[in-house]
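Worksheet for the structure shown next.
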Amino acid sequence: MDVRRRLTLLAVTIAATPLILGGCTADRKEAAGEAPGRVVDPAVALTPADRTRDVPISAEVGTSVSHGRVTGVKLTDDKGKQVSGEPREDGSSWVPSTPLENGRTYTAEVTATGKKGRTTVGRTTFTTSPKSTRQAIQSTLYFAGNQTYGTAIPVTVAFDPPIPKEARAVVQRRLFVKTDPPQPGTWSWVADGKQVEYRAPDFWKPGTKISVRSGLAGLPIGKEFVGDDDRRSTSKIGRQVALEIDNATKQMSVFQDHKLLRKIPVSLGKPSTPTSSGKMVIMEKHDFTTFDTRGSADPYVVDVEDAQRLTWGGEFIHAAPWSEGDQGNINVSHGCTNVSATAADWLMGITQVGDLVTVKGTEVRLDQGNGWTAWNVSWDEFVKGSALPVPPGLKPAPTLNPGHPGAVAGGSAPAPAPSASGG
């Protein structure tokens with residue numbers, strides 16, 4: 001079964017006014033009123049325009065400057081309190097650190113500095129809208145704070161209802177990721193709009209700090225919806241661990257820092273309930289859980305220990321003492337990867353949420369979006385899912401030994417609960 005958590009977002013993008021310059025160099029100077037040797041004061045154009053009303057609380061201060069650059073932004077509310085924020089990397093706007101408040105008036109002062117230190121200050125005053133009566137799209141950020149994740153963890157945001165294609169660029173523009181040290185990546189949407197994932201061309205380098213903001217509160221999404229909340233989290237990347245499961249041999253190979261630690265016999269899904277082949281990521285870890293599939297075509301209830309989720313549809317790695325005689329020989333599970341109780345306990349001490357798990361040789365392929373599937377496609381295919389342009393220079397690093405196992409190149413209704421089927 002294939003049940004996913006979903007979310008809703010709403011955003012407004014404030015576009016900076018483009019400057020159109022054409023002709024030869026002399027013509028450009030003449031059109032700009034700049035004679036040879038003359039110093040021209042910088043000019044500033046801002047959005048929202050002065051005295052604009054009903055501005056969404058997700059608003060940014062759009063900045064367009066000619067003959068200079070932005071050197072300062074000050075945004076204050078109608079009580080004189082200053083709002084913190086920072087510019088976008090492309091300089092197109094200045095983004096408040098938190099959502100603005102409904103029904104408040106704000107004044108932005110933007111300082112631009114040109115040649116020889118000449119400055120111009122642009123000002124605009126605008127008023128935010130009352131609290132929206134539109135339905136909020138429920139969003140879930142699957143990247144908790146103060147955690148240590150595996151090198152394959154994608155930053156994932158889910159939506160309920162799904163985000164339509166025409167609204168995805170607006171939403172994506174309000175999803176921010178920073179890495180230290182820098183390791184840029186991009187967002188990619190699952191085709192049905194229920195989930196968007198962020199990753200770099202290569203797996204995260206151990207020790208990387210990742211800070212995420214899902215700034216969707218009050219964001220207009222299409223004509224019917226708004227975003228639900230503004231969320232932040234910061235976590236780090238731990239050691240490199242990868243699991244490779246081969247149906248042909250019925251063995252799991254466990255690698256840490258590209259070195260084989262152990263091989264473990266497994267029993268995968270029987271022909272009527274096969275395990276998915278593909279690149280998955282460990283999503284959850286449970287010392288104890290219950291698989292309950294009552295209401296399905298194959299109902300059962302079973303308690304399991306040391307369970308690690310791989311898909312929304314209910315595929316886990318878990319202890320299965322009842323199938324230890326079959327492990328390494330035949331497939332008898334309902335789609336899960338069965339291992340011995342001793343091996344499952346050992347794995348729980350080795351793995352992290354975000355570790356890569358590769359399964360090969362089974363009867364079915366993993367469906368995109370059935371879990372955190374950002375690594376189940378090539379980089380070229382992944383970037384096609386972005387609703388915004390992706391820098392052309394963003395490419396995977398060459399893999400020194402691509403055939404090496406475990407290799408890592410480069411360094412307001414609640415959402416339905418995911419299936420706990422297992423087997």
Side-chain angles (χ1 to χ4, degrees), residues 4-7 9 139-145 147-159 162-163 168 171-172 174-180 182-206 208-214 231-243 276 278-285 308-313 315 351-359 366-388 390 394-397 408-411 418:
R4 307 169 194 153
R5 298 175 187 171
R6 304 167 183 170
L7 306 175
L9 298 181
S139 63
T140 302
L141 173 61
Y142 290 105
F143 190 85
Q147 303 294 312
T148 299
Y149 287 118
T151 57
I153 184 76
V155 179
T156 303
V157 185
F159 306 93
I163 304 298
R168 292 177 192 175
V171 171
Q172 185 175 327
R174 292 291 298 179
L175 303 175
F176 306 92
V177 178
K178 288 186 176 181
T179 55
D180 183 19
Q183 194 177 347
T186 191
W187 293 92
S188 181
W189 291 84
V190 174
D192 60 12
K194 296 176 181 177
Q195 185 169 293
V196 65
E197 298 172 308
Y198 183 98
R199 72 168 175 93
D202 301 309
F203 294 96
W204 303 116
K205 297 175 183 177
T208 299
K209 182 172 74 172
I210 302 177
S211 298
V212 181
R213 179 185 178 189
S214 175
R231 298 179 175 88
R232 289 178 178 270
S233 61
T234 297
S235 284
K236 66 178 181 179
I237 302 301
R239 61 183 180 271
Q240 186 272 334
V241 173
L243 312 182
S276 298
K279 293 183 181 297
M280 312 170 203
V281 173
I282 295 173
M283 305 167 67
E284 302 170 351
K285 297 178 64 173
Q308 306 190 51
R309 179 185 287 276
L310 302 180
T311 71
W312 292 128
E315 295 182 38
T351 61
Q352 308 146 116
V353 170
D355 286 341
L356 185 71
V357 179
T358 303
V359 179
L366 177 66
D367 291 331
Q368 285 302 105
N370 184 15
W372 300 341
T373 52
W375 296 99
N376 197 45
V377 294
S378 68
W379 176 252
D380 288 342
E381 190 66 25
F382 184 78
V383 298
K384 291 178 182 178
S386 175
L388 296 172
V390 177
L394 205 57
K395 298 287 185 182
V408 175

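Atoms considered below: every heavy atom in the structure, side chains included; atoms not considered: hydrogens, waters and symmetry mates.
- Under a 3.5 Å cut-off, the side chain of Gln183 and the backbone N or O of Thr208 do not form any donor-acceptor pair.
- Nearest heavy-atom pair, Val353 versus Trp372, reported as atom, atom and distance to 0.1 Å: CG1-CZ3, 3.9 Å.
- Side chain of Gln240 to backbone of Pro206: no donor-acceptor contact under 3.5 angstrom is found.
- Checked by atom type, the side-chain pair Thr156/Gln195 shows no donor-acceptor distance below 3.5 Å.
- Looking only at side-chain heavy atoms (C-beta outward), Thr311 and Thr373 stay at 4.5 Å or farther from each other.
- Looking at every heavy atom in both residues, Ser214 comes nearest to Val157 through OG-CG1, 4.5 Å.
- Separating the CG atom in Leu175 from the CZ atom in Arg213 is a distance of 10.5 Å, to the nearest 0.5 Å.
- Shown here for Gly185 and Pro201, the closest heavy-atom pair between the two residues is CA-CD, 4.4 Å.
- Here the side chain of Glu197 pairs no donor or acceptor atom with the backbone of Pro154 at under 3.5 angstrom.
- Taking both residues in full, the closest heavy atoms of Leu366 and Lys279 are given as CD2-O, 3.7 Å, listed atom of the first, atom of the second, then distance.
- Here the CD1 atom belonging to Ile237 is positioned 8.5 Å from the OG1 atom belonging to Thr148, to the nearest 0.5 angstrom.
- With hydrogens and angles ignored, the 3.5 Å screen pairs no side-chain donor or acceptor of Asn376 with any backbone N or O of Gly278.
- No side-chain donor-acceptor contact under 3.5 Å links Thr351 to the backbone of Val241.
- Rounded to the nearest 0.5 Å, atoms NZ (Lys395) and CG (Asp202) are 12.0 Å apart.
- Here the shortest heavy-atom pairing between Trp379 and Leu394 reads NE1-O, 2.9 Å.
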Residue pair Lys384, Val390: steps toward the side chain to side chain contact (heavy atoms under 4.5 Å, CB included) verdict: CA-CA 9 Å; Lys384 291 178 182 178; Val390 177; over 6 Å; no
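- Nearest approach of Met280 to Leu356, heavy atoms of both residues: O-CD1, 3.3 Å.
- Not a single donor-acceptor pair under 3.5 Å links the side chain of Arg168 to the backbone N or O of Ala387.
- Considering only residues two or more places apart in sequence or on other chains, Tyr198 meets the ring pair (Phe, Tyr, Trp, His ring centres under 6.0 Å) condition with Trp187.
- Looking at Thr186, its side chain never comes within 3.5 Å of a backbone N or O of Val383 through a donor-acceptor pair.
- Checked against the 6.0 Å centroid criterion, the rings of Trp312 and Tyr142 qualify as a close aromatic pair.
- Looking at heavy atoms from C-beta onward, Tyr149 lies out of side-chain contact with Ile210 at the 4.5 angstrom threshold.
- Looking only at side-chain heavy atoms (C-beta outward), Phe143 and Val177 stay at 4.5 Å or farther from each other.
- Within a 6.0 Å radius of NZ in Lys236, other residues, nucleotides and ligands contribute 12 heavy atoms or fewer.
- At least one donor-acceptor pair closer than 3.5 Å links the side chain of Gln352 to the backbone N or O of Arg239.
- Distance check, rounded to the nearest 0.5 Å: CD of Glu284 to CD of Gln308 gives 11.0 Å.
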